[in-house]
Amino acid sequence: MSENVVHLHKHTHPPAEPSVGDTAPTVLTVVPDAPPARPVPLWVRSGRAVKTAVTHERTRSAGRAVVRHGLYTFNGGRIVARRAWDGRTGSRYERMIRAAEAAGNLEAAEEWEERLQRFRAARHQRRMDLLHSPVDAAKGVAVGAGMSVGVLVALGVILAISTGQAADVVTPLTATIDFIALLIRIVQVVWGPAVTIGPFLALLALWSVGRKQHAAPQWALPANVRSGEGETITPSIVVKALRDLGVPALARAIKEMGDAGASMLGPITIAGCGVEVDVTLPSGVSTNEVQSKRRKLAENLTRHEHEVFITIPQAARTVRLWIADSGALDEPIGPSPLVTDETMTADYKKGKAPWGQDLRGDAAALSLYQRHLLITGLSNQGKTVALRSLALWLSLDKSVQFLMGDLKGVGDWAMFDGLATTLIQGPTDEHVIQVTEMVESAVDEMNRRIQAPPGTTFPPLIVLVDEAQVAFMCPAKDEDKRPYGGSKANSRYFMAVRKIHNQGRAVNVLMWQGTQDPTNENLPKLVREGAHTRASLALGTESQARMALGDKAVDGGAAPNLLRPGLDRGTLVVASDGITIPAGQSSITVRTHYIDDDAATAITDRAKALRDGVTTLHAIDRGEVRDPLADIAAVIGDATRVRTKDVLARLATRNPGAYGGWSFIDLKRVLDDTGAEPYKSDGVMVVSRDRVARALANRDTEGSASAE
């Protein structure tokens, strides 16, 4: 049986009597009251008040203001004294000489040495002149005074003759004496207040100099100055940032140069939404020592890491810094000219695709003529949009043909239905098989073109595979046990891409690929090095950046691994001779235009209007019995008539095995037998859609009658 224990404090009433039904006895215990709280001593409360006052933001702000303005005045005096010393001595020239010697520029050192000698000679001459100046000054004063008195007397004589009063002879002289006396009285009145106010004005001037130079500790500066947001990049800021970079040899060299460390810098020029400056490093400092400290350099410049880019120009021991305005790279760059200019057309051979803007804010355009293309990056960084914008521009050249495989299959390329000859969309192994056979059909077309008579021209054929890593990673095998994926000599997709890379450029058969997260497994070395234009969005590591762009571009400063995933979506680093890259650099950073699905559909509608009509295949026929007349009707599509050479090219793309070796004679034989023979229109041989359709209808009718 349990007990009910009730604790009673003094000055409390006992509990009521237990009710009927209670079984456990109640035990009463008396607990004394807790002692009253002791009062807090006055000195403790005073200490807390002092601590609160000291830690209060208003108190801290006032303390920072006192320190700041006091140091403005003190350091302003130091700055003025330093300037005065530099103006009176040759210390400025000596610093410049040390700076030139530290930078290894002996010609500049000799020039500053000559200037120092001229300064010393001029200073010596001035000092020698001072030895004779008192006597010369006394003679000058005596001569000047005598001439002045004579002039005044002469004026008085003229005045006396004019007025007829002899007393007027001394009137100009007395007027001059009265004027001098007035000046003396004015000076006597002003001198006292000037002596009193003068020191305060001098302190105010020193304070103003210190304030303009922010001559106070960083913690004491105002919040807007301390944060550095929007701070103008000046030579002194760049030199200080380099000095504090943590490179001992660089810090020592700058220290020896003094304030003349700015001699390392070229002109700071406005470059788009930022500034650009070349820095010639002192002897003993390598460019990679600066490149490897990009984040620290950016923070020293009061910028974020992504707002500072370091590249290597042609000049030896030189790095080129591009420093963005704070927050400028987070602003959109505006719509694509493909969207705003509905009259725009493309020229595959001579034109350039409007892709976006470089960091300077200049238009970045890419030539696609006879260049294989590879774009890579992490997922959801804008790879498909960047690749699609190039295809959208090229679609406005009606001579260009497309074979497309989208191994993501979510509709990103659906607007090319009716524009591309083949469009396969989906992520499964079956889709990879279809895409592989599509690429192999392009290889057959390439071989047919290579075997054509010399001088034959061919329309551009773009073989585009998005999410190509799915194809390389596919484990499926054909009936001969040959894998579709992989990077071995018997891998079908890999070998087809390699063949196009090797010979396709010469006959305008080009391979475009987009892939995620490049590794040796999903993007083999031979494939990535076969692309003439290589571009990368944000990546995770430097090793991936080297896979995407190559060692030369990364060693030259390309760093897609330093782009911010998500925040720098659509920004990519390009290594290609098809885009204008500043002299001495191996890559360029481009912020691409964003073209959404609706705008892309509008552009492809304009592209379809330029063509006679294209029937898009969504699967590759394999091993079926062919019906040449039906296939000819299919490739003609909705066009009224199509040139015979275009019909042959479309047939070869549709089924390389059946039509890859066809010539005009083969096409003519099939059409002549059905009464749909080719004919001339505007001087070229064409095939009529109506004739082919009539031939098909007649054949079907005859077939039905025969069956009856």
Side-chain angles (χ1 to χ4, degrees), residues 348-349 370 397-403 419-422 437-463 499-500 503-510 610-617 620-700:
Y348 161 74
K349 185 174 182 180
Q370 293 188 344
D397 184 338
K398 63 181 181 180
S399 68
V400 179
Q401 302 171 4
F402 293 97
L403 300 178
L419 188 60
T421 306
T422 302
E437 293 176 348
M438 178 192 75
V439 179
E440 289 175 338
S441 70
V443 174
D444 294 335
E445 169 64 12
M446 177 189 71
N447 292 332
R448 185 187 70 81
R449 294 183 177 190
I450 291 174
Q451 295 170 8
T456 306
T457 58
F458 303 100
L461 176 60
I462 306 300
V463 186
K499 289 176 182 178
I500 294 178
Q503 295 179 298
R505 177 177 176 272
V507 289
N508 283 331
V509 177
L510 303 176
L610 299 175
R611 290 167 164 77
D612 294 330
V614 176
T615 301
T616 300
L617 301 179
I620 303 295
D621 296 327
R622 303 194 298 270
E624 295 85 357
V625 177
R626 305 308 309 165
D627 182 349
L629 189 61
D631 287 342
I632 292 172
V635 300
I636 291 176
D638 296 331
T640 303
R641 55 184 178 272
V642 179
R643 292 185 297 181
T644 54
K645 68 174 185 177
D646 291 339
V647 173
L648 288 171
R650 295 177 185 181
L651 287 172
T653 302
R654 183 182 182 91
N655 193 314
Y659 305 114
W662 268 35
S663 64
F664 173 73
I665 296 175
D666 298 314
L667 178 64
K668 188 175 185 301
R669 182 182 66 251
V670 171
L671 294 176
D672 287 348
D673 291 343
T674 60
E677 62 277 355
Y679 64 96
K680 272 193 175 183
S681 175
D682 296 331
V684 296
M685 297 299 295
V686 298
V687 179
S688 170
R689 177 193 62 188
D690 294 339
R691 289 187 181 185
V692 174
R694 191 182 307 114
L696 276 173
N698 292 339
R699 188 190 66 179
D700 294 341

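This one's a predicted model, so the numbers in the text were calculated from it and none came from an experiment.
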Colleague: Hey, can you pull the donor-acceptor pairs under 3.5 Å for the side chains in residues 637-650, sequence neighbours left out?
Modeller:
residue	atom	partner	partner atom	Å
Arg641	NE	Ser681	OG	3.2
Arg643	NE	Asp646	OD2	3.4
Arg650	NH1	Gly613	O	3.4
Arg650	NH1	Val635	O	2.8

Colleague: Can you name the side-chain hydrogen bond (donor to acceptor under 3.5 Å, both in side chains) partners of Arg669, sequence neighbours left out?
Modeller: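 If we apply the side-chain hydrogen bond (donor to acceptor under 3.5 Å, both in side chains) test to Arg669, skipping adjacent residues, the hits are Asp666.
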
Colleague: Rounded to the nearest 0.5 Å, what separation is found between the CD1 atom of Ile636 and the OG1 atom of Thr615?
Modeller: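 Ile636 CD1 to Thr615 OG1: 9.5 Å, rounded to 0.5 Å.
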
Colleague: Lys398: which residues meet the salt bridge (charged side-chain N to carboxylate O under 4.0 Å, His left out) condition with it, sequence neighbours left out?
Modeller: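 Partners of Lys398 under the salt bridge (charged side-chain N to carboxylate O under 4.0 Å, His left out) test: none.
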
Colleague: Nearest 0.5 angstrom please: Phe458 CZ to Ile450 CD1, how far?
Modeller: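 Here the interatomic distance stands at 9.0 Å.
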
Colleague: Identify the two heavy atoms, one from Leu629 and one from Val670, that lie closest to each other, and give their separation to 0.1 Å.
Modeller: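 Of all heavy-atom pairs spanning Leu629 and Val670, the closest is N-CG1, 4.5 Å.
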
Colleague: Can you sort out the partners of Arg448 under side-chain hydrogen bond (donor to acceptor under 3.5 Å, both in side chains), two or more places apart, ordered by chain and number?
Modeller: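 Applying side-chain hydrogen bond (donor to acceptor under 3.5 Å, both in side chains) to Arg448 gives Glu445.
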
Colleague: Please list, chain by chain and in numerical order, all residues satisfying side-chain contact (heavy atoms from CB on, under 4.5 Å) with Ala693, sequence neighbours excluded.
Modeller: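 Counting only residues at least two positions away or on another chain, Ala693 forms no side-chain contact (heavy atoms from CB on, under 4.5 Å).
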
Colleague: Shortest non-hydrogen contact from Arg691 to Glu677?
Modeller: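 In terms of heavy atoms, the two residues are closest at NH1-O, 3.0 Å.
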
Colleague: Do you know the tightest heavy-atom contact between Pro459 and Ser399?
Modeller: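 Minimum heavy-atom contact is CB-O, 3.4 Å.
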
Colleague: How close do Val687 and Val692 get, counting heavy atoms only, and between which atoms?
Modeller: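 Answer, listing the atom of Val687 first, then Val692: CG1-CG2, 3.7 Å.
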
Colleague: CZ/Arg505 to CG/Leu510 distance, rounded to the nearest 0.5 angstrom?
Modeller: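 Result: 9.0 Å between the selected atoms.
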
Colleague: For the OG atom of Ser663 and the NZ atom of Lys668, what is their distance to the nearest 0.5 Å?
Modeller: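 Atom-to-atom, Ser663:OG and Lys668:NZ are 11.5 Å apart.
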
Colleague: From the options Lys349, Gln401, Gln370, Arg449, select the one residue that forms a side chain to side chain donor-acceptor pair (under 3.5 Å) with Asn508.
Modeller: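 Answer to the side chain to side chain donor-acceptor pair (under 3.5 Å) test with Asn508 among Lys349, Gln401, Gln370, Arg449: Gln370.
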
Colleague: By salt bridge (charged side-chain N to carboxylate O under 4.0 Å, His left out), which residues pair with Asp690, not counting sequence neighbours?
Modeller: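 Expected list: none.
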
Colleague: Output all residues satisfying side-chain hydrogen bond (donor to acceptor under 3.5 Å, both in side chains) with Thr674, sequence neighbours left out; order by chain, then residue number.
Modeller: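 Checked Thr674 against side-chain hydrogen bond (donor to acceptor under 3.5 Å, both in side chains); zero matches.
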
Colleague: Could you work out, with side-chain contact (heavy atoms from CB on, under 4.5 Å) as the rule, every residue matching Glu440, not counting sequence neighbours?
Modeller: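 Thr436, Glu437, Arg492, Ala496.
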
Colleague: Could you work out, with ring-ring contact (aromatic ring centres under 6.0 Å, His included) as the rule, every residue matching Tyr348, not counting sequence neighbours?
Modeller: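 Residues passing ring-ring contact (aromatic ring centres under 6.0 Å, His included) with Tyr348: Tyr369.
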
Colleague: Can you tell me how far CG of Asp672 sits from CG of Leu667, rounded to the nearest 0.5 angstrom?
Modeller: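 Answer for the CG-CG pair, Leu667 versus Asp672, is 9.0 Å.
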
Colleague: Does any part of the side chain of Leu419, heavy atoms only, come nearer than 4.5 Å to the side chain of Thr616, both counted from C-beta?
Modeller: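 With C-beta onward as the side chain, the pair stays apart.
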
